[in-house]
K.L.:
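The structure under discussion is supplied below as structure tokens; questions concerning it will follow.
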Amino acid sequence: MNTQASKKSNVSKWLVDNVIYVVLILLVVGIVIASPDFLSMTNLINILSQSSSRIIIALGVAGILITAGTDLSAGRMVGLAAVISASLLQATDYAYKMYPNLPDLPLFVPILVAMAATGLIATLNGIVVSKLHVPPFIATLGMMIGVYGLTSIYFDRPPYGAQPIGGLSEKFTNFAQRGIPVGSYEIPYLVIYAIITTVIIWVIWNKTQLGKNMYAIGGNPEAAKVSGVNVARNIIIIYMIAGLLYGFSGTLEAGRVGSATNNTGNMYELDAIAACVVGGVSLSGGIGTVPGVVTGVLIFQIINYGLAFLGVSPYIQYIVKGLIIVVAVAFDMRKHAKKK
Amino acid sequence: MNTQASKKSNVSKWLVDNVIYVVLILLVVGIVIASPDFLSMTNLINILSQSSSRIIIALGVAGILITAGTDLSAGRMVGLAAVISASLLQATDYAYKMYPNLPDLPLFVPILVAMAATGLIATLNGIVVSKLHVPPFIATLGMMIGVYGLTSIYFDRPPYGAQPIGGLSEKFTNFAQRGIPVGSYEIPYLVIYAIITTVIIWVIWNKTQLGKNMYAIGGNPEAAKVSGVNVARNIIIIYMIAGLLYGFSGTLEAGRVGSATNNTGNMYELDAIAACVVGGVSLSGGIGTVPGVVTGVLIFQIINYGLAFLGVSPYIQYIVKGLIIVVAVAFDMRKHAKKK
Amino acid sequence: MSEASTTNLLEMQNITKRFPGVIALNNVSLKVKAGSVHALMGENGAGKSTLMKCLFGIYSMDEGKILFEGKEVAFTNSKQALENGVSMVHQELNQVRQQNVMDNIWLGRYPKKSIFIDEKKMYQDTVAIFKSLDINVDPRSKVSTLSVSEMQMVEIAKAVSYGSKIIVMDEPTSSLTENEVDHLFKIIRRLQSENVAIIYISHKMEEILKISDEVTIMRDGQYIATKSSNELTTDEIIKLMVGRDLSQRFPAKVNKPEDIILKVSDLTAETQPSFSNVNFELRKGEILGIAGLVGSKRTEVVEALFGIRALKSGTIELNGKVIKNHSPQQAIKNGFALVTEERRSTGIFPDLSVSFNSIISNMKQYKTKSGFLSNRKVADDTQWVIESMQVKTPSQKTLIGSLSGGNQQKVIIGRWLLTTPDILLLDEPTRGIDVGAKFEIYQLINQLAADGKGIIMISSEMPELLGVTDRILVMSNGRAAGIVETRETSQEEIMRLAALY
Amino acid sequence: SSSTGGTDSGKGKDGDLPRVGATIYKFDDNFMSYVRRAMQTSAKDKVDLMLNDSQNDQAKQIEQVDTLIAKGAKSLAINLVDPKSAQTIIDKAKPKGIPVIFFNKEPDASVLAGYDKAYYVGTTSSESGVIQGELIAKAWEANKDKWDKNKDGKLQYVLLKGEPGHPDAEARTKFAIDTIKAKGIQVDELALDTAMWDATKATEKMDAWLAKYSDKIEFVIANNDGMALGAISSLEKAGYFSGDKFMPVVGVDAIPEALEMIEKGKMVGTVLNDAKNQGKATVELAANAAKGKDVLDGTSWKLDDKKAVRVPYVEVTKDNIQVGRDAYK
Ligand SMILES: Nc1ncnc2c1ncn2[C@@H]1O[C@H](COP(=O)(O)OP(=O)(O)OP(=O)(O)O)[C@@H](O)[C@H]1O
Ligand SMILES: Nc1ncnc2c1ncn2[C@@H]1O[C@H](COP(=O)(O)OP(=O)(O)OP(=O)(O)O)[C@@H](O)[C@H]1O
Ligand SMILES: [Mg+2]
Ligand SMILES: [Mg+2]
């Protein structure tokens, strides 16, 4: 009797603790019931590849959230990186090149330039937050507005003015659009980049001092300081890493879409933050895991993809999406329900 | 000697404690130096009337922020209210009426209907936050997405589809666009509505139990709970009041602009939250004053208006705006800098 | 002791309360007579606070029933408890720091004039309460500007102001000085004369015997015994609590002070009012106590040594060399460690595990050659902390926030011991810790000193200072009033010095 | 139910019809909402039209194309968010041999040329600007004596721009002004600022400009009617359109409210994009393509040398207001 009861309570405890994975599964089951042909390799690959660049962004944002910060400028940085990398990787024979005389650059140069730019900007965010003690919401809101101005200035220039930057070199689009053939399918490179990034971030969070410090700072900044953590330096590094991730993700976006404008990435931060919270990251800091974040993004993407696949009318999609987010988190909150 | 020193330190303490008012003055002085004709009655009236509906929104958001909540759905609720009230107040002889057979309604009916709708939605936010313990960020993000869907469905309908709802009755536009003549100028009604709202909110925050509870809940929810405060009920009422304010503000927006779309109000919440923070409201709850919020909104509006008035290039405007926000708050933070 | 009536005002019968993974209360009973002071005792984590939270409607119990004035009650929230004549001084200070004192006192029951709050009445009533309780705090000052002990007194005044029939006081004296404790006792006596019952939780034996009429003892979530205080001695209580004999309160001293390792000269803080011109020396293997009234800036002195607080002037010499501690990192590098006074705000990471809380200051030790942290070393060190500090925790992964206060404190001391410091700064290290654990901590301190570490220990408990230290620095109003040899001094001399300036 | 739901999961009576996947760059764009309606009307009983809202986000659109292909679309009707992304969409469709009809936003000619099953239905982006410019020039020449307030023979204008970088905003801004100049009229730009297509922002920008330039402004040019309406609201507040205080305002789109303003004399004119025919042509081409027929089969449309069906813009002023009215019938 007793062991059975405790087994049962163990299962229900596991369910409560892992609600988001349950939500993920329920979602898929629900969609499959509504439309059995949802269960196909193509859909799986589509969802994974669509989630990839979002996972990379979300992992950057999540680190910042865990330090009890936030980053509203993430989306705009993605846009900046997209515009920079696209402008440096237009096909040499394309008629409307931003830099008509630019030679064909090796792929890694524009990626590094874009990552350097966003890394720098994010570092500035970190400095403003940790040294000037500006609340992260405001620091990054200011940055979000400022970076948009900056991107627009870079983007809207002679000779062709504010034109979407297209005509990307094949090398670049292949990098983001192709994949490794496996049987009759292709595993998109995007998915592989996302996996590699996820592993790296997992190691940083779990196996390095920086990771532990990140949790400490978010959990109790005063205690972290007294415990000998250099709070400011660690915060700056966490923001910087996020910036590098945005930069990488931005180049992937440009490659994936085949063009970039100053509007690329707009509002990505909201999706990223929401996905993190759905994935169990606490907005008050100190709590969050890599698998949780990845699951949060997947849940979002399955909602997006699934609703479109089911052919739900676009406006209804908004309502359903809003509802699912709230309900998923409401269930997840039950594990924190301390009282009673 | 001593008294002089202490006088001096009093002045500098006052400056530090009231940084936002200083920022406000510096901003005006800066713009006037760049363009002396900025100093005119017309500009003053313009800025005040443009700030009016924003002040009303910001006061709603501020109450929620003080309870350590947030409201991302504010802007979308403004949009819903704008669309509802506009649809009910089209001139009877307008050719493209949403409800061709609707009689001429008295002004207060559509205002009340709009306020009831947003009040209800906001109450739902409050319930989700306080009863289901969904973090306010997610609860209101879900609502923001959902309300947009709802507004779009209401808006994008036969006979005319997704068209701005215009042709508002003169009664309505007068209500939002006219004013009381004073000398050769007109004090816009908008400003008067904003002042009345501000006074009411000030009284609620400072003179009623609800107000004190609001601060207590934001400052230390545990303390409030063990002292017998019905935390959930108070939170719900605070959200509801915010909803009513959004509703009122939404009708003013429709009247002021003379039309409404499902995109009216988009992103107003970000501006409102930012204005609150600039005005000294703490995002972690428990801190904030009505004059601070009003000043925060004015600072934002002076930046917006001033930069447009100076004819600063649009892209540079973004950069300057981002910069001013961060710098203003960075200065303001110095008052919290615990000196050790 | 006053004559307590014989009827039971409160009966808690067979209360059981489970948390995920722990049975916090197992069939516990408690009977409290009207007009009596009933002490509730037990080690850290015994379940005292949990029992009171069940009474007060903060937790709902899984089994059992509560009779109050003969009627069965089950408060589902604090408001009901307060309205029915039960009030409580909470173990963790529960105040809205951004608001002022009177806002806090009347929170949840503001006096009103029509729909508005009657500020004038609020002020007058607060003044009246403070006057009757002889508390000297401005009702209009912000709580965040009060000292910890003033906050504590305001909490007590608030609980009293409900005019309840029973008042629970969960470690009310943890941050009070002797004078204030006496003050509190006067208040309790008066309440008792008004037939109010008090449930009094404390780890301070002297207080218990002095104030209480009856004592209920708990251990590991279970009820052990209820006895009249007249029949009890300190040793008996300890035996019941710990489950074994603990013949001495303080372990025998084994350390021997050697050469001077730390010399502090003319230390003055940058932002005044604070300490000024503080001089002292610390020897290897020595335990130096710091005594003083609350507010005498003891904390600030150790904070300055640890690099948290800026100095205007003065030097710190370590082994004859002048050093500068501008930040905790520097201090740690120089072999300092600091166990802070306010566990909750500057000690624990409540949402993180016991393991994390143990190793956070010692991270460099766990780096392997590849630069990553070694799970095994982390687990080993956590285990060392749990075992050597005797931390009661279900596992290394348990969130520290769900441990009892005393166990949290042990983890933090363990955290710092892992860094193998040369100089250990302990600010009220035994605050809120039960006698058994205290003894263990004293032993540890002794052992560390015997191993050649220099230890500075701030304490407001005089017996502790006299029992553990070698010398005592007495602070008075930010200045060093004198340094005394522990063996040759007395409580009276220390009190005299503490009041010198 | 509402007209917004266009998509069907493929069950029911549409099940046997060929599937056409369509994306609209932004569902609630007032012009596209008409195109959408026309598309739905034309699709009835002809094809199973799967409509998607790309929410003004090209990345989202790319993803929707993936979904549509996964759902078995036989042809695609794509209203690009960002015209330079056409290649990416073709790269997805081409390996599966799915024909693509781009509409409303024109891809580069070279991209269209690169895939034999790619076509375009719509206007030339620059045309709305050109027509707006012509309209302005015509009106200015006719009313010069009244409107040229400072009598310097130059047209002092303020311009409300849409979202910077948006192809329409850029094209309309450039070509409207270029056209005016090409007609030999000298212009002076007093102010140019973005109001992000938004009426509220337009009102506020106009407030500031009126305060600064007051009667120096001789013309208000807006990239769309929404912003024009916002400007009118500000102008009314400043006392325009009552008595003989007047300000010429022009927009683009010919939304009902703008027609009303034109009729009331508060707006000089606007530019009508022919939604009905764009939607109709798009669906007809897409339906033919889905069935594997020649895209023009059984229709009256003509392809130009760039594989494009051109649906012209129309200028709307008080004189031909009925043209605008008819668009909403
Ligand atoms: N919210 C909670 N969740 C899980 N476990 C809890 C919670 N609150 C208390 N416990 C556990 O219940 C037990 C009793 O804790 P309680 O705080 O009542 O002890 P205590 O006797 O008051 O100790 P102390 O003297 O240290 O205050 C402990 O094992 C503690 O870890
Ligand atoms: N007005 C205040 N505002 C904020 N913090 C304060 C204030 N006064 C004191 N503190 C904090 O309270 C703690 C105790 O202060 P202080 O050093 O004056 O007392 P102490 O002699 O160490 O007393 P105790 O032994 O109780 O710690 C310090 O950490 C100090 O920073
Ligand atoms: Mg306790
Ligand atoms: Mg202290």
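None of the values given here were measured: they were computed from a predicted structure. Every heavy atom of this structure was used, including side-chain atoms; hydrogens, water molecules and symmetry mates were not.
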K.L.:
Under a 4.5 Å heavy-atom cut-off, does chain B meet the side chain of C:Glu83, its backbone, both or neither?
P.N.:
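When you check distances to chain B, no heavy atom of C:Glu83 falls under 4.5 Å.
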K.L.:
Out of C:Leu82, C:Val96, C:Asn104, C:Asp118, return the one with the most heavy atom pairs under 4.5 angstrom to chain B.
P.N.:
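Looking at each option in turn, the highest pair count goes to C:Val96.
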K.L.:
So which residue, B:Leu210, B:Val226, B:Thr208, B:Ile204, ends up with the most heavy-atom pairs under 4.5 Å with chain C?
P.N.:
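Highest number of pairs under 4.5 Å: B:Val226.
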K.L.:
If you measure only the distance, is there a donor-acceptor pair under 3.5 Å linking the side chains of B:Ser227 and C:Lys158?
P.N.:
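Present: a donor and an acceptor within the cut-off.
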K.L.:
Heavy-atom distances under 4.5 Å only: say whether B:Asn230 touches chain C with side chain, backbone, both or neither.
P.N.:
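Neither the backbone nor the side chain of B:Asn230 comes within 4.5 Å of chain C.
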K.L.:
How close do C:Ser78 and B:Gly228 get, heavy atom to heavy atom, and via which atoms?
P.N.:
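Looks like CB-N, 4.3 Å.
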K.L.:
Within a strict 4.5 Å, meaning less than it, do heavy atoms of the C:Gln98 and B:Tyr215 side chains meet?
P.N.:
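The answer is no, as the side chains (C-beta and beyond) never meet within the 4.5 Å cut-off.
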K.L.:
Would you compute the distance between atom CD1 of C:Ile115 and atom CD of B:Gln209 and round it to the nearest 0.5 angstrom?
P.N.:
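Those atoms lie 11.5 Å apart.
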K.L.:
Could you grab the distance from atom CD1 of C:Ile117 to atom NZ of B:Lys207, nearest 0.5 Å is fine?
P.N.:
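Rounded to the nearest 0.5 Å, the CD1-NZ separation comes out at 9.0 Å.
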K.L.:
Using side-chain heavy atoms (C-beta onward) and a distance below 4.5 Å, is B:Lys212 in contact with C:Met122?
P.N.:
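The answer is yes; the side chains approach within 4.5 Å.
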